[in-house]
Amino acid sequence: MKAFTYEQPHSPAEAAAAAMRVPGSKFIAGGTNLLDLMKLQIETPVHLIDIGKVGLNKIEPTSEGGLRIGALVSNTDLAADLGIRRDYGLLSRALLAGASGQLRNKATTAGNLLQRTRCPYFYDTNQPCNKRVPGSGCAAIGGYSRLLAVIGSSEHCIATYPGDMAVAMMALDAKIETINAKGKARSIPIAELYRLPGNTPHIETNLAKNELITAVTLPAPVGGVHIYHKVRDRASYAFALISVGLILQKDGTGRVAIGGVAAKPWRNVEAEIFLPEGAASTTKKLMAGANPTKENEFKLALVERTLQSVLKEGKSLYEIR
Amino acid sequence: MKFDKPAGANPTDRQQVIGKPADRIEGPLKTTGTAKYAYEFNEEVPNYAYGYIVGAAISKGRIAEIHQLKAKNSPGVLAIITAANAGPLQPGKFYADRMLAGPNVDHYHQAVAVVVAETFEQARAAASLLQVDYVKEKGSFDLEAEMDSAITPKPGEFGGPPQTIVGDFEGAFASAPLKLDQTYTVPDQSHAMMEPHAATARWEGDKLTCWCSIQQLNWGVRDLANILGIQKENIRLISHYIGGGFGGKGTVLSDIVAASLSARAVGRPVKVTLPRPLIFNNTTHRPKTIQRIRIGANPDGTITAISHESWSGNIRGGRTEAATASTRLLYAGANRMTHLRLAVLDLAEGNAMRAPGEAPGMMALEIAMDEMAEKLNIDPVEFRIKNDTQFDPEKPERPFSTRLLVQCLKTGAERFGWKHRNSAPGERRDGQWLIGVGVASAVRGAPITKSAARVRLDRNGIITVETDMTDIGTGSYTIIGQTAAEMMGVGLDRIVVKLGDSSFPESSGSGGQWGAASSTSGVYAACVKLRERVALAFGLNVSQAEFSSGQVRSGNQSFSLSDAAKKADLVGEDEMTYGELSKQYAQDTFGAHFVEVAVHAYTGEIRVRRMLAVAHAGRILNPKAARSQMIGAMTMGVGAALMEELVVDKKIGFFVNHDLAGYEVPVHADIPHQEVILMEDSDPTMSPMKAKGIGELGLVGVAAAVANAVYNATGVRVREYPITLDKYLSKMKRPI
């Protein structure tokens, strides 16, 4: 770990300004990912801006009938919130499928959105990695790729986005609220937050430099049954092989987002048209253009089979009702 | 005391303390965080500095140059140790690996340098500034590719002969009416113990004291003396508590060498721990095996031919994984053959991990038995029972001392409800889940080895036991205390147990499932001596004296035990040694594992639903500790079956998933209700304690029982561990 300086501002505007003032600084919230990366010198900020005291820790109704989730609401609190559980069950379930109780207590909404890949080569600083050191190459391509991306990857990077919460937010059409260093606010649809690797895998989001996430807003509830199925090698505390977030309406229409397959949560509204037809045609459209490796091509069949399972489960829930 | 004929009646038969489920005597220290581990002697070893190991960034080649200037000038840095200034270093004895690379690099993350600084953070920061130029060489990392170059190794100290032949295997197999010929693979596995390797070293003149975390202090002293080229007498190792070892902390590894060299260089105590991401490639692991098993049988289920061949790889000088060990004696069969082969690989050293040989060997053999039972259309429990043997199949004149494998299988089948098993695979459903059950036998050798102890009685009637035995989380403290309490006729509350200091009498240490039986026998021998001293003090004939309830009685006379030490402490010290009984008798532990799994019909996810183990391991010294050993091992078996694999990057030549996020072991949610039945037994051929180890037995066979249950659930046979869904998903029928 490299030595760094530290400050704790008291408002989002102060935090954004501090980032502008000190080049090479980073925001830190729960620190559940950043501290590990700093210890391994994958991240080497010279200055940490601890946003733990800037507020932003409330869940409030919006005038549009949705919810506004402060950037610093913990994963535990968000998953347990009654409004979330009642109207956005997918989000609560996705959160609870991630990490462990202790990590969820510490991890925040904004921090979770920005967690970095778990590609093992990204984590080993002896190995080339275009995401860690642009232009150094990619050891994962032709290496151990079982857990890595099957779609949207490039010849420069096949890393996946590891989170669960963002998969649910993708299906829920969440919006990301930010402010920049000058205090100017904007709102970004989550579908436009993450970038595919292309030839710049080190640039993972469309946030501008020093732009700070202040909240995530959810539109008014869309109803339906909400299912999050995370498939992994052990029953808990593991990253997804793949995950499927489904919102299913009684008439068979719905929304679906997939985790563990790409550098971002994967969703295609055009594929959702096929949901009433079933998993096969939906997956065909949703995963069109996939470019898996030999080690991870099983993920494509797994997506389809898992979607089939959750569709069946969703329908059976309507039958029970 | 020499043990060379079967034990008769002795004070341990009373079982007033032994055989009782006593709580761990060190439990409160551990649960309150006050038990001190190797890295935590801050008050006892003040003024310490920190060493941080830099691991090699290449897998094979040599170091061209180490640019040290930036690191040397980094804040707080006291010294940088490399092969160039460390002085001559020899290998140890148990491990073949060199603890410091240079000029050659033998494997990834082999220690290249140790940076010593005032604080841990300074040492780590400076370590990152060390620039090492390497010249890479081509290495061998792929066992499959090296199979043809593998040789039959020379017989070694552990693991039995590399080749065995009884009768005419090839002929009998060729003419067998029913045959199985299959190949199974068990991947490289990591011990992944909770406490990382750690050491604090201090020199006082020529004398080196090292607080460390190793299982065998006697090996540690020997190996550290070899490595540093110093006298054994000048080394003291202290290892009071060990946060798990599983064979991965047998003796001296890089942390201890780094701490010792650093402390000498800076003239201050130095502590070193291995960061988790370094452990997997720097230290040892269970090496991958490729195993071919052939079984020939008559239609009635009688095995007529059985063979087991296994290939593993290692660094030069490393040992072979003796995966054929169990096949030599578990089942009958007139014609038999086993064969081990060893290839050279440039990965980290393969070495002992819990039930070395037997654990991976039985992962293969017990799937093969399941497959063969299916070919024969015989119930797999019945098939095993039919081929039981009460003598060593390689030496019919050598009976098993005790062997209740059949009883274990029958008891387990009854308790588990085996008769409800559907022998047609893939037929049982529960909602979206397919349900299956599986069985496997368990067998593990019961080695016993010399072990010494000292017991001291003081005027308050407190008996202090000292031996350099270690407690790696197994319960050594408690069973040693129980042994002394039973022998001296007092309650466990009168016993103080001191372990893990090489200045104490030399024990067996903890490994190979020999620790419990061996170390308590050493304590038995010492207590026999102390009983003699006590009897003498009271003028009694020891053979007629009864030690009970803190009293010593003989005829009408009765004395308080503590009075024997009224004037001065009484000490008994002795070593238990062994004659030839282990040659006359095959001494092993046995068991049976039953597992129920659910496999998701769509996604292929596996959830273990029920586990039952029946264990037969001599006299059980403490059923609570024994059960803990069993359920811990069963958990490890689930890991081996379903998730544990050190993934080799064959291009770069290293274990890629070298942290605990990448190397998955079971979590609570993976482990269902575990039931353990301990069979009544006592084996007088072992020692006066009549006990055997159980710590490794619990692991052997578990993974195969899981594998067989997965097959029973899905109808898809997976012969390559771990059984992850990508290996069978495409072969699973998709439900409608």
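A note on names: the letters A, B, ... follow the listed sequences, proteins ahead of strands, and every chain is numbered from 1.
When only modelled atom types and interatomic distance are considered, A/Tyr6 and A/Asp50 share a side-chain donor-acceptor pair under 3.5 Å. Between the side chains of A/Thr5 and A/His47, at least one donor N or O lies within less than 3.5 Å of an accepting N or O. Residues A/Tyr123 and B/Asp659 bring no donor and acceptor atom of their side chains to less than 3.5 Å of each other. If you check the side chains of B/Gln674 and B/Thr635, you find a donor sitting under 3.5 Å from an acceptor.
Contacts between A/Leu40 and chain B at a heavy-atom distance below 4.5 Å involve the side chain alone, from C-beta outward. Using a 4.5 Å cut-off between heavy atoms, B/Leu660 touches chain A through its backbone atoms (N, CA, C, O) alone. With a 4.5 angstrom heavy-atom cutoff, A/Lys299 does not touch chain B via any of its atoms. For A/Arg146, the part lying near chain B is the side chain, with the backbone staying farther off; criterion is any non-hydrogen pair under 4.5 Å. With a threshold of 4.5 angstrom between heavy atoms, A/Glu297 does not approach chain B through any atom at all. Looking at A/Leu241, only its side chain comes within 4.5 Å of chain B, counting heavy atoms on both sides. With a 4.5 Å cut-off on non-hydrogen atoms, B/Val647 touches chain A through its side chain but not through its backbone. With a 4.5 Å cut-off on non-hydrogen atoms, B/Val648 does not touch chain A at all. For B/Ala601, the part sitting under 4.5 Å from any heavy atom of chain A is the backbone (N, CA, C, O) and nothing else.
Ranked by heavy-atom pairs under 4.5 Å with chain A, the first of B/Glu121, B/Glu605, B/Met643 is B/Glu605. Chain A forms more heavy-atom pairs under 4.5 Å with one residue of B/Gln432, B/Arg734, B/Lys650 than with any other, namely B/Arg734. Between chain B and the options A/Glu313, A/Lys39, A/Glu295, heavy-atom pairs under 4.5 Å are most frequent for A/Lys39. Counting heavy-atom pairs closer than 4.5 Å to chain A, the top-ranked of the candidates B/Ile652, B/Asn657, B/Leu642, B/Ile606 is B/Ile652. Top candidate by heavy-atom pairs under 4.5 Å with chain A, chosen from B/Ile671, B/Asp649, B/Leu729, is B/Leu729. Of the residues considered (A/His229, A/Arg118, A/Lys2), A/His229 shows the highest number of contacts with chain B, using heavy-atom pairs under 4.5 Å. No other option in B/Val665, B/Leu129, B/Val638 has as many heavy-atom pairs under 4.5 Å with chain A as B/Val665.
In this structure, the side chain of A/Thr76 engages the main chain of A/Asn105 through a donor-acceptor pair within 3.5 Å. No side-chain donor-acceptor contact under 3.5 Å links A/Asn296 to the backbone of A/Leu147. Looking only at distances, no side-chain donor or acceptor of A/Ser145 sits under 3.5 Å from a matching main-chain atom of A/Ile141.
Counting heavy atoms from C-beta on, the side chains of B/Phe654 and B/Asn281 come closer than 4.5 Å. You'll find the side chain of B/Phe141 stays beyond 4.5 Å of the side chain of B/Leu345, heavy atoms only. The closest side-chain heavy-atom distance from B/Gln189 to B/Tyr663 is below 4.5 Å. Counting heavy atoms from C-beta on, the side chains of A/Ile242 and A/Lys230 never come closer than 4.5 Å.
A centroid separation of 6.0 Å or more is found between the aromatic rings of B/His285 and B/His658.
Identified by a heavy-atom distance below 4.5 Å to chain A, the contributing residues of residues 50-63 of chain B are B/Ala56, B/Ala57, in residue-number order.
When every heavy atom of B/Val667 is checked against every heavy atom of A/Ser236, the shortest pair comes out as CG2-O, 3.6 Å. When all heavy atoms of A/Ala271 and A/Lys285 are compared, the pair lying nearest together is CA-CG, 3.5 Å.
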